[in-house]
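Data block below; observations after.
In what follows, residues are counted from 1 in the order of the sequence shown.
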Amino acid sequence: MSEDPTPVEDPTPVSDSPFRSEPSDRDTAPQFVLPLVVRIERADPPARTDALETAARAVLTILGDERSAGDGAWAQAVRDWQDARIRKVVRRARGTEWRRAEALPGITVTGKSAQVRVFPPVPLDGWPKDLARLQVSGTDLDDPEPPVDADPAAPVLWLNPDLGMSAGKAMAQAGHAAQLAWWELSDEERAAWHDAGFPLAVRTADPARWPELTGSGLPLVRDAGFTEIAPGSCTVVADHPALRREPYAPGGPAPTRSE
C-alpha cells in the first residue's frame with residue numbers, strides 16, 4: 001500500500017496514526033503484511049457480506065488485543081507493520097489447511113457463517129510455511145439473500161457501487177476502512193467499540209449517495225492499484241457515528257489511505 005499521492009490535510013492529527021496522507025519514511029521502511037485467512041469449505045462457503053464484516057472485525061480485534069500493545073507478544077510486529085505501508089492479504093483455507101492455520105498464533109473471529117483468522121504481521125517475504133501455501137484466488141463468494149438495511153446508529157463501511165471486487169479484495173478493503181476509523185477515534189471511543197464487540201456492517205452504497213459519502217469528510221480508502229482495480233480508486237468510506245462530528249463535516253478534508 002502506497003500513500004495517496006494527493007496530500008490531504010487532517011485538521012485533527014492523531015500522533016500515532018499510520019494513516020497520514022503526506023509522504024513519510026513509511027514508504028521506505030521494511031514492509032510487513034497482516035495475514036487474514038478465511039475458511040471456505042467447498043460444501044458450505046460463508047456468505048459474502050458476512051465474510052467482509054467478519055474480516056473487518058478481525059482487523060479491529062487484533063488492533064484492540066492487549067498482545068498488540070505496550071510490551072505485548074505481538075506489539076513489536078504491529079509497530080513494525082504500522083511504521084510501513086499497512087498491507088493486508090486475504091487467503092483461503094479449508095479442511096486440513098484451516099486446522100494448520102488455526103494452530104499458528106492468531107485470533108479466529110466468527111460471524112454468522114464466516115470464520116476469519118487474523119495473525120500478527122509478518123515480513124512481506126517471510127510468511128509462515130502453512131500460510132504461504134494457501135491460495136489468494138478463489139475467494140469469490142455470494143450472498144444467498146440481499147443483506148438487510150444497515151443500522152444507521154452503528155458503524156457502516158460503505159463500498160463503492162461502481163467497483164467490482166473479489167470477496168478477498170473487498171475483505172482487505174473493509175479491513176482498511178475499519179482500521180482507518182479505529183485510528184481516528186479517541187481512546188474512549190475505541191474502548192467503547194471494543195467492549196461492544198466491534199459491531200459494524202458492510203454495505204454497497206447507493207450510487208446516487210456515493211459522491212456525498214466520498215465528500216463527507218469521513219475516512220476514505222483509496223486503492224494503490226496493485227490488484228484488480230485502477231490506482232487511486234475510492235473503495236470504502238468508513239461511517240462511524242463518532243466521526244459524524246466536526247471536523248468530519250460535509251466538504252471537510254477526509255483522512256485517506258491507499259492499499
Side-chain angles (χ1 to χ4, degrees), residues 10-21 34 36 49-75 77-79 81-82 86 88 106-112 114-121 147-159 170-203 205 213 216-221 235-250 252-257:
D10 182 355
T12 55
V14 179
S15 60
D16 60 350
S17 173
F19 294 106
R20 303 276 69 83
S21 54
L34 185 77
L36 297 113
T49 295
D50 189 42
L52 269 59
E53 293 173 348
T54 305
R57 285 198 301 273
V59 171
L60 293 166
T61 298
I62 198 167
L63 289 173
D65 192 280
E66 62 182 9
R67 289 167 288 185
S68 298
D71 296 325
W74 301 339
V78 170
R79 285 193 292 268
W81 170 58
Q82 291 176 160
I86 311 300
K88 299 177 182 70
I107 304 170
T108 297
V109 177
T110 301
K112 296 176 183 177
Q115 285 183 285
V116 175
R117 189 163 180 84
V118 60
F119 303 86
V148 299
D149 291 343
D151 180 356
V156 184
L157 309 178
W158 294 106
L159 301 174
M171 288 168 69
Q173 296 292 307
H176 294 330
Q179 187 171 3
L180 184 52
W182 171 263
W183 279 107
E184 297 303 323
L185 296 173
S186 67
D187 289 343
E188 292 77 12
E189 290 161 347
R190 291 182 195 174
W193 202 9
H194 175 279
D195 293 346
F198 296 120
L200 58 83
V202 178
R203 295 291 185 272
L213 285 167
S216 66
L218 291 165
L220 171 66
V221 179
T235 57
V236 193
V237 172
D239 183 6
H240 191 291
L243 301 182
R244 298 173 196 158
R245 51 168 167 70
E246 297 293 344
Y248 301 96
T256 63
R257 183 72 184 183

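- When all heavy atoms of Thr54 and Gly111 are compared, the closest pair comes out as OG1-CA, 3.5 Å.
- Rounded to the nearest 0.5 Å, atoms CD1 (Ile107) and CH2 (Trp74) are 4.0 Å apart.
- Here the side chains of Leu63 and Ser68 are not in contact, with every heavy-atom distance at 4.5 Å or above.
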**OP:** Could you give me the CA-CA distance, side-chain angles and deciding distance for Leu34 and Val118, then say whether side-chain contact (heavy atoms from CB on, under 4.5 Å) is met?
**Re:** CA-CA 7 Å; Leu34 185 77; Val118 60; 4.0 Å; yes

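- Screening residues 49-60 for salt bridge (charged side-chain N to carboxylate O under 4.0 Å, His left out), with sequence neighbours left out, gives Glu53-Arg203.
- The backbone N or O of Gly106 sits less than 3.5 Å from a side-chain atom of Arg117, completing a donor-acceptor pair.
- At a cut-off of 3.5 Å, with distance as the only test, no side-chain donor of Gln173 or Lys88 sits close to an acceptor on the other residue.
- Glu189 places a side-chain N or O within donor-acceptor distance of the main-chain N or O of Ser186, the cut-off being under 3.5 Å.
- Taking each heavy atom of Ala238 and Ala181 in turn, the nearest pair found is CB-CB, 3.9 Å.
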**OP:** Could you walk me through whether Met171 and His176 pass the side-chain contact (heavy atoms from CB on, under 4.5 Å) test, one step at a time?
**Re:** CA-CA 9 Å; Met171 288 168 69; His176 294 330; over 6 Å; no

**OP:** I would like to know whether Phe198 and Trp182 meet side-chain contact (heavy atoms from CB on, under 4.5 Å); could you show each step before the answer?
**Re:** CA-CA 10 Å; Phe198 296 120; Trp182 171 263; 3.5 Å; yes

**OP:** Evaluate the criterion side-chain contact (heavy atoms from CB on, under 4.5 Å) for residue pair Val237 and Leu159; output intermediate values, then yes/no.
**Re:** CA-CA 7 Å; Val237 172; Leu159 301 174; over 6 Å; no

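- Minimum interatomic distance between Leu36 and Ala58 (heavy atoms only, all atoms of both residues): CD2-CB, 4.1 Å.
- The minimum heavy-atom distance linking Thr49 with Pro147 is given by the pair OG1-CG, 3.9 Å.
- The two residues Gly70 and Ala75 make their nearest non-hydrogen contact at O-CB, 3.3 Å.
- Closest heavy-atom contact between Leu52 and Ala170: CD2-CB, 3.7 Å.
- Between Val78 and Pro121 the shortest side-chain heavy-atom distance falls below 4.5 Å.
- More than 12 heavy atoms of other residues, nucleotides or ligands lie within 6.0 Å of CG in Asp195, so this atom counts as buried by the packing criterion.
- In this structure a side-chain-to-backbone donor-acceptor pair under 3.5 Å is present from Trp193 to Pro199.
- The side-chain heavy atoms of Leu60 and Arg190, taken from C-beta on, include no pair separated by under 4.5 Å.
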